[in-house]
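Here the structure comes first, spelled out in structure tokens, and everything after it is commentary.
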Amino acid sequence: MKKRLNIGALFAAALLLGSGPAAAEESFEGWLLNFQRTKEVKPVSNKRYQEECGSCHYAYPAGLLPAKSWEKLLTAEALKKHFGDNAELDAATLQSVRDYVLENSADKSWYKRSRKIARATAEGEAPLRITEVSYIKRVHRDIPEAKIKGNKNVKSLSYCDKCHMQADKGVFDDDTVRIPSQD
Ligand code: HEC
Ligand code: HEC
């Protein structure tokens, strides 16, 4: 009984502290209010990012990499040689995309999977790929290569949305995974 009362008080405090939906995304109080959604990763909420970074592959939620990784990926120089492609942006667009991503990176997020990614990347070199993060490597290690690289409907592990049906909502739980068949 005592425990329940305490949780009630916590929520009341969160309600008082929270100041509308905008604040709810960033603050600890907001995290409490939205605790159901925060099990996963915050979905992309920026139109420019969605358009510029979602044309060759699905637009990765910013909370899938720490800021130190995005800082390396999102420079004018780096984007000219982006995994063998040219993903150059004009200076103003790059600035706004970069600002958005850095504000929402894994190490700044309360979302549960982002916390895991932040922990997995806290030490050492910044990974340039989500698929190089130890936590992400581990959860996929039992999938045979034939179902990934050998599968023309997937191509590589980078195409999260081919298997994770709700990747665009930032949801990666095992109820929403389906590896496409090869034909
Ligand atoms: C011209 C096409 C193109 C555009 C535009 C593009 N990318 Fe990519 N991106 C790629 C390719 C190709 C890969 C490598 C895919 C693979 O290895 O199968 C990649 C990989 C990535 C990865 C690593 C994925 C992994 O394997 O974990 C990240 C992160 C990424 N891109 C972010 C971005 C961001 C942010 C933008 C917007 C600034 C962007 N990309 C725009 C082509 C593009
Ligand atoms: C070839 C299909 C495939 C691709 C592509 C893929 N995944 Fe997965 N993913 C899976 C499967 C299968 C599982 C294991 C589900 C289970 O545990 O039963 C999984 C598990 C996960 C989990 C753990 C889920 C949990 O319940 O804890 C996360 C997080 C995840 N994937 C993220 C990603 C991200 C991010 C990408 C893209 C960079 C990606 N995946 C690309 C198939 C894929």
Side-chain angles (χ1 to χ4, degrees), residues 38-107 109 111-121 125-182:
T38 56
K39 279 190 203 153
E40 292 285 343
V41 176
K42 184 184 169 186
V44 172
S45 58
N46 180 287
K47 198 160 164 276
R48 217 158 183 197
Y49 176 78
Q50 178 74 51
E51 283 168 8
E52 300 295 344
C53 302
S55 52
C56 299
H57 44 69
Y58 120 97
Y60 301 113
L64 289 176
L65 281 175
K68 64 180 178 183
S69 297
W70 291 121
E71 275 164 2
K72 283 191 178 174
L73 284 163
L74 295 176
T75 68
E77 274 312 300
L79 284 176
K80 277 187 207 156
K81 287 179 268 163
H82 178 78
F83 304 98
D85 264 343
N86 186 340
E88 234 176 331
L89 297 172
D90 66 71
T93 307
L94 173 56
Q95 184 70 52
S96 84
V97 161
R98 194 177 152 93
D99 288 349
Y100 164 71
V101 169
L102 292 181
E103 272 166 29
N104 292 284
S105 58
D107 44 334
S109 175
Y111 284 65
K112 197 177 113 194
R113 288 201 203 282
S114 293
R115 301 303 325 142
K116 287 191 179 173
I117 288 171
R119 274 198 300 276
T121 54
E125 283 280 295
L128 293 178
R129 286 176 175 271
I130 303 152
T131 51
E132 276 169 10
V133 174
S134 57
Y135 160 57
I136 296 294
K137 281 209 288 214
R138 189 172 69 242
V139 295
H140 297 108
R141 75 180 159 205
D142 293 336
I143 309 174
E145 273 296 291
K147 292 198 171 179
I148 307 175
K149 293 245 161 102
N151 185 342
K152 66 173 169 23
N153 294 321
V154 178
K155 289 201 299 200
S156 86
L157 201 57
S158 310
Y159 297 90
C160 322
D161 57 326
K162 299 288 184 218
C163 303
H164 292 279
M165 311 313 274
Q166 293 188 28
D168 61 333
K169 298 193 180 75
V171 174
F172 295 95
D173 71 17
D174 41 15
D175 297 341
T176 56
V177 189
R178 194 174 57 83
I179 302 177
S181 67
Q182 323 260 2

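Each ligand, and each atom within it, is numbered from 1 in the order the structure gives. Source: prediction; values computed, not measured.
For ligand 2 and Cys160, the ligand atoms under 4.0 Å from any heavy atom of the residue are 34 (C), 35 (C), 36 (C), 37 (C), 38 (C), 39 (C), 41 (C). With ligand atoms numbered from 1 in the order given, ligand 1 contributes 4 (C), 5 (C), 6 (C), 41 (C) to contacts under 4.0 Å with heavy atoms of Ala87. Each of the atoms 10 (C), 11 (C), 12 (C), 42 (C) of ligand 2 lies under 4.0 Å from some heavy atom of Ile143. Heavy-atom contacts of Val177 reach the following atoms of ligand 2: 10 (C), 11 (C), 12 (C), 42 (C) (cutoff under 4.0 Å).
Summary of contacts: the protein heavy atom closest to atom 2 (C) of ligand 1 is Cys56 SG, 1.8 Å. Atom 21 (C) of ligand 1 has Phe83 CE1, 3.3 Å as its closest protein atom, hydrogens excluded (heavy atom only). Regarding atom 18 (O) of ligand 1, its nearest protein heavy-atom neighbour is Ser156 OG, 2.7 Å. Regarding atom 36 (C) of ligand 1, its nearest protein heavy-atom neighbour is Cys53 SG, 2.9 Å. With hydrogens left out, the protein atom closest to atom 27 (O) of ligand 1 is Ile130 N, 2.7 Å, a heavy atom.
Under 4.0 Å from ligand 2, heavy atoms of Leu157 appear from its side chain as well as its backbone. For Asn86, every heavy-atom contact with ligand 1 shorter than 4.0 Å involves the backbone, none the side chain. The part of His57 lying near ligand 1 is the side chain, judged by heavy-atom distances below 4.0 Å. Under 4.0 Å from ligand 1, the heavy atoms of Asp85 that appear belong solely to its side chain. Under 4.0 angstrom from ligand 2, there are no non-hydrogen atoms of Asn151.
Contact annotation: His164 has at least one heavy atom less than 4.0 Å from an atom of ligand 2. Between Leu74 and ligand 1 there is a heavy-atom distance shorter than 4.0 Å.
Among the atoms of Tyr60, none of the N or O lies under 3.5 angstrom from an N or O of ligand 1. Not a single N or O atom of Trp70, backbone or side chain, sits closer than 3.5 Å to an N or O atom of ligand 1. Where the criterion is an N or O separation shorter than 3.5 Å, residue side chain and backbone included, Ser55 fails it with respect to ligand 1. The shortest N or O to N or O distance between Tyr135 and ligand 2 is not below 3.5 Å. Backbone and side-chain nitrogen or oxygen atoms of Leu73 are examined, and none is located within less than 3.5 angstrom of a nitrogen or oxygen of ligand 1. Any N or O atom pair closer than 3.5 Å counts here, and Glu52 shares no such pair with ligand 1.
The distance from atom 8 (Fe) of ligand 2 to the nearest N/O/S atom of His140 is under 2.8 Å. Using a cut-off of 2.8 Å, one finds that His82 contributes an N/O/S atom close to atom 8 (Fe) of ligand 1.
Taking the six-membered ring where the residue is Trp, Tyr100 and Tyr49 present tilted rings, their angle falling between 30° and 60°.
For the residue pair Arg119/Tyr135, the side-chain donor-acceptor check at 3.5 Å is not satisfied.
The option from Ser158, Pro144, Cys163 that lies nearest to atom 43 (C) of ligand 2, judged by heavy atoms, is Cys163.
Rounded to the nearest 0.5 angstrom, Thr75 OG1 and His82 NE2 are separated by 11.5 Å. Note that CZ of Arg178 is 12.5 Å distant from NE2 of His164, once rounded to the nearest 0.5 Å. We find the CD-CG distance between Glu52 and Asn46 to be 10.0 Å, quoted to the nearest 0.5 Å.
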